[in-house]
A.B. asks: 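Would you mind keeping the following structure in view while I ask a few things?
Predicted, not measured: the structure shown is a model, and the values here were computed from it. As the structure lists them, so they are numbered: ligands from 1, and atoms in each ligand from 1. The first residue of the sequence shown is numbered 1, and numbering continues consecutively from there.
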Amino acid sequence: MKVLIVGGGGREHAIAVSMKKSKRVEKLYCVPGNAGIAQIAECEPSIGVMEFDKVVAYAKEKAVDLVFVAPDDPLVGGLVDACEAAGLRTFGPRANAAILEGSKAFSKDLMKKYNIPTAAYETFDDADAAIAYLETADMPIVLKADGLALGKGVLICNTLEEAKAGVKEIMLDKHFGSAGNRMVVEEFMTGREVSVLSFVDGKTIKTMTSAQDHKRAKDNDEGLNTGGMGTFSPSPFYTDEVDEFCKKYIYQATVDAMAAEGREFKGVIFFGLMLTPKGPRVLEYNARFGDPETQVVLPRMKNDIMDVIDACIDGTLGQVDLQFEDNAAVCVVLASAGYPESYQKGFVIDGLDKFDEAEGYYCFHAGTKQTAEGIVTNGGRVLGITAKGANLKEARANAYAATEWVSFENKYMRNDIGKAIDEA
Ligand code: AMP
Ligand code: GLY
């Protein structure tokens, strides 16, 4: 079959590599793609993920059998609906279900209504009302812009002054654009964070192996929030006990809640969990694969990804035995120095040909571009270097060894990805 992947980052490269392994896939296409994806798929860099008419026309022209929509913006904006309306078989939630990620107020109300454990919260459409509430609230407290904000619309405030400044930033100065027309104010929770991705067919949910991200730019979780600087999988903190709790109170409950609301969810639900002293709580939902979680989860999946995708679309996920390798993987992101603020790009990357997937080494491209001089850096996050190992420590050593194979002028990485493993 022929498949079109919509997206162009490290996550999409990992999805493409996973699909390429399938005997059922004869040809891959990707819009807009990147230089790494272009090694295994035909890419069309001129089409953006929000240009729905162009994406649909391209899928029709190439007569693809499946469209896979990976990023949040087109999912929330309704690209799956647009593809389906054009008669294209499509993987991902429709807009009415992607709202699970698209509106924090929606997801919080859903969790409250269906008793799914999460932080206590209030929703505000008005800055004065929000400030009046904050004046009586306990600090620290968490402010969240309602809509999509590139993962950056969350402010953790330690004092009332910070919280007031945060309300101004989100609701009045519109730092995150229209995402801040509405705001959620949430109880501050403490604990370890775990990401659990899952496949969902509308009724049945099958969780994948767990992972942990590192959101901050600098070692020891200092610096600004980023899209993610590295991941490891599985999380040693995601114990059988935690899994049992989440199965009982969170996973199926979420799928059932969406169905009960007339918003049947088909695709991937990403549960951002916090393991608090009072038990696991949902921090956030995403309606898609995570980036860079996918880069450590999919390389460990034993199933043919096309079989799982078909089962999600056809509502037969209950018949799938989802299996993961009994090993570990670590992904270290190589970024451009200065990310997530200002950075230079356009530097030639050396050493990209040293990676052998059969040996458990992957070089996923995030921000790269092919030029006459070779493949050059083209973004803040440039590459995701993933390595497997028999256990987490071995995978981490392998991943860091592999980061040395690649060089470019302003290469930057965190040196403590997976440090938490030592505390397990
Ligand atoms: P989110 O985009 O909702 O995942 O939030 C981004 C990050 O902010 C999370 O990964 C957490 O580290 C932090 N965070 C979000 N909500 C809370 C909360 N209620 N308490 C403590 N930290 C939070
Ligand atoms: N790694 C977090 C995300 O994909 O949103």
A.B. asks: Check this for me: does any side-chain nitrogen of one of Glu284 and Lys144 sit under 4.0 Å from a carboxylate oxygen of the other?
C.D. replies: no
A.B. asks: Salt-bridge test for Lys113 and Glu261: reply yes if a basic N is under 4.0 Å from a carboxylate O, no otherwise.
C.D. replies: yes
A.B. asks: Can the positive tip of Arg192 be found less than 6.0 Å from the middle of the six-membered ring of Phe237, inside 45° of the ring normal?
C.D. replies: yes
A.B. asks: Would you confirm whether the ring centroid of Tyr339 sits within less than 6.0 angstrom of the ring centroid of Tyr412?
C.D. replies: no
A.B. asks: Relative to ligand 1, is Lys215 under 4.0 angstrom through side chain, backbone, both or neither, heavy atoms considered?
C.D. replies: neither
A.B. asks: Which is it for Asn286 and ligand 2 at heavy atoms under 4.0 Å: side chain, backbone, both or neither?
C.D. replies: side chain
A.B. asks: Find all atoms of ligand 1 within a distance of less than 4.0 Å from any non-hydrogen atom belonging to Lys104, and give their numbers and elements.
C.D. replies: 2 (O), 3 (O)
A.B. asks: Of all the atoms in ligand 2, which lie at a distance below 4.0 Å from a heavy atom belonging to Asp213?
C.D. replies: 1 (N), 2 (C)
A.B. asks: Ring centroids only, cut at 6.0 angstrom: are Phe355 and Tyr361 within range, meaning strictly under it?
C.D. replies: no
A.B. asks: Counting each atom of ligand 1 from 1 as listed, which ones have a heavy atom of Lys144 under 4.0 Å away?
C.D. replies: 3 (O), 15 (C), 16 (N)
A.B. asks: Below 4.0 Å, non-hydrogen atoms only: which portion of Ile156 touches ligand 1? Side chain, backbone, both or neither.
C.D. replies: side chain
A.B. asks: Between Phe271 and Tyr285, does the ring centre distance come in under 6.0 Å?
C.D. replies: yes
A.B. asks: Just let me know how Arg288 lines up against ligand 2, side chain, backbone, both or neither, with a heavy-atom cut-off below 4.0 Å.
C.D. replies: side chain
A.B. asks: Under 4.0 Å from a heavy atom of Glu186: which atoms of ligand 1 are those, numbered in the order shown and with their elements?
C.D. replies: 16 (N), 17 (C), 18 (C), 19 (N)
A.B. asks: Looking at Phe188, which atoms of ligand 1 are within less than 4.0 Å of one of its heavy atoms?
C.D. replies: 20 (N), 21 (C)
A.B. asks: Check this for me, if you would: do Lys302 and Asp321 make a salt bridge, where the nitrogen-to-carboxylate-oxygen distance has to be below 4.0 angstrom?
C.D. replies: no
A.B. asks: Going by the atom numbers of ligand 2, which of them fall below 4.0 Å from some non-hydrogen atom of Lys215?
C.D. replies: 2 (C)
A.B. asks: Heavy atom of Gly228 under 4.0 Å from ligand 2?
C.D. replies: no
A.B. asks: With respect to Glu293, determine whether any N or O atom, backbone or side chain, lies less than 3.5 Å from an N or O atom of ligand 2.
C.D. replies: yes
A.B. asks: Is Arg281 near ligand 1, meaning one of its heavy atoms is under 4.0 Å from it?
C.D. replies: no
A.B. asks: For ligand 1 and Met189, I'd like to know whether there is a polar contact (N/O to N/O, distance under 3.5 Å).
C.D. replies: yes
A.B. asks: Donor-acceptor pairs under 3.5 Å, side chain of residues 154-164 to any protein atom, not counting sequence neighbours: which ones?
C.D. replies:
from	atom 1	to	atom 2	distance (Å)
Thr159	OG1	Glu162	N	3.1
Glu162	OE1	Asn158	N	3.1
Lys164	NZ	Glu135	OE2	3.3

A.B. asks: Side chain, backbone, both or neither: which part of Arg11 has a heavy atom under 4.0 Å from ligand 2?
C.D. replies: neither
A.B. asks: Which atoms of ligand 2 are found less than 4.0 Å from any heavy atom of Gly290?
C.D. replies: 4 (O)
A.B. asks: Knowing that exactly one of Asp146, Asp109, Thr123 qualifies, which makes a side-chain hydrogen bond (donor to acceptor under 3.5 Å, both in side chains) with Ser103?
C.D. replies: Asp146
A.B. asks: Could you verify whether a donor N or O on one side chain and an acceptor N or O on the other, from Asn410 and Lys345, lie under 3.5 Å apart?
C.D. replies: no
